[in-house]
There are 2 protein chains.
Amino acid sequence: MTKKQQPMALTPGEIEVMQVLWEQGELKPTEIEERFPRPIKNAALRFQLKTLLEKGHVTRRKEGKAYLYQAVTQREGAFKKMTRRLAESFCQGSTAGLIAELIKSEELSPSEIKELQELAAQRGAKTKSSRRRESK
Amino acid sequence: MTKKQQPMALTPGEIEVMQVLWEQGELKPTEIEERFPRPIKNAALRFQLKTLLEKGHVTRRKEGKAYLYQAVTQREGAFKKMTRRLAESFCQGSTAGLIAELIKSEELSPSEIKELQELAAQRGAKTKSSRRRESK
DNA sequence: TAGTTTCTGTAGGATAACCTACACTTTATC
DNA sequence: GATAAAGTGTAGGTTATCCTACAGAAACTA
């Protein structure tokens, strides 16, 4: 009777790799290694890719003698999952509470605050009908 | 040559315990167990308390035959650390970027948006009026 | 074709995180 | 004291995370 301990959706090390794939698209391990934000040994990187593949967060296809890796799990989904966890841990599950605490606690420049105000205003205006527009 | 793998500041299991201590103050293991958001075996809880004690996140003092545990690490500090990690992973380290993405991606009720707008407005006013804040 | 380079597959090991079991200590009760 | 109840300390085990090493396979070059 072994109690299963479910693995984290994305571990810190895995997120580092996914980050590169989310930005760059389809890459070979060597290319990921080059674009990596810190020095990483090829073998260590490949370990992360292997577990990401097993967990289904990436796919790969052969090209020449190497594989091209591509993200399956989307950045937005992963982001939501992690913010959700944070909100549950610290804010009784309320995303609004999480945002509020962030606004209160962190140092934000006046221009950043202004932008956030505008963003909230936009967001408030289109809660109902109105199609969403691209922009930024 | 063994490369050290530094432990997480607060693991998910540890946060659960700290959450109770942050809310309730000083408690005995049994009391924590009663207030715990999910069923937990006393021994499992005590394991968490032990590691929290070793890491210095809690202290304890004897009362009767049991110990009273109290948080040392403050909720705000832990919260900041975790949001910082998230911002670094997903938003190039920008807290404002993190907040923006939360506002955009999550479902917020109109009233919540209004509150956030007001909060940002307050926050903006404060920064402007007392402009000699050197920050940090 | 042989030789070299480059990439992959797999085994293995170290630490961390989580839980359980059981014996020991302390306190209260008789 | 003797005893039971409640709380503690410690040893042990399983899974997860992270990294390394080395041998083999695939492609390129001569």
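In this text the structure is predicted, and so the values were computed from the model without any measurement.
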Please report, rounded to the nearest Å, how far the C1' atom of C/dC19 is from the CD atom of B/E14. 14 Å
Base D/dG7 paired with B/R46 side chain (donor-acceptor, <3.5 Å): no
For A/T30 and C/dT6, is the shortest distance between a side-chain N/O and OP1 or OP2 below 4.0 Å? no
Rounded to whole Å, the NZ-C1' distance (A/K50 to D/dC18) equals 12 Å
Closest to the 5' end of DNA chain C, once A/Y67 and A/F47 are matched to their nearest nucleotides, is A/Y67
In whole angstroms, how far is the P atom of D/dA16 from the CG atom of A/L52? 15 Å
Give me the atom names and distance for the closest heavy-atom approach of B/T83 to B/L98. O-CD2, 3.9 Å
Main-chain N/O of A/I32 paired with A/Q24 side-chain donor or acceptor, under 3.5 Å: no
OP1 or OP2 of D/dC19 sitting under 4.0 Å from any side-chain N/O of A/Q48? yes
Nearest-Å distance, CG (A/L49) to P (C/dG9)? 11 Å
Would you call A/E16 and A/R38 a salt bridge, taking side-chain N to carboxylate O under 4.0 Å as the test? yes
Passing option when A/E101 is tested against B/R75, B/R123, B/K80 for salt bridge (Lys or Arg N to Asp or Glu O under 4.0 Å): B/R75
Taking the side chain of B/A44 as its heavy atoms from C-beta onward, which of C/dC19, D/dG9, C/dC18 lies nearest to it? C/dC19
Five-pair end axes of the helix from C/dT1-D/dA30 to C/dC30-D/dG1, angle between them (10°): 10°
Within the structure, does a side-chain N or O atom of B/R60 lie under 4.0 Å from either OP1 or OP2 of D/dG7? no
Side-chain donor-acceptor contact under 3.5 Å, A/E76 with B/S105: no
Under 4.0 Å from OP1 or OP2 of D/dC18: is there any side-chain N or O of A/T11 that close? yes
Side chain of A/K41 only, heavy atoms from C-beta on: which candidate in D/dT20, C/dA21, D/dC19 is closest? D/dT20
Atom pairs under 3.5 Å: protein N/O with N/O of nucleotides 26-30 of chain D:
residue	atom	partner	partner atom	Å
D/dA27	OP1	A/G64	O	3.4

Identify, with sequence neighbours excluded, every residue that meets side-chain hydrogen bond (donor to acceptor under 3.5 Å, both in side chains) alongside B/E26. B/R61
Rounded to whole angstroms, how far apart are CG on A/N42 and C1' on C/dC7? 8 Å
Pick the closest DNA chain D nucleotide for B/A43 and for A/I40 by heavy atoms, then say which residue is nearer the 5' end. B/A43
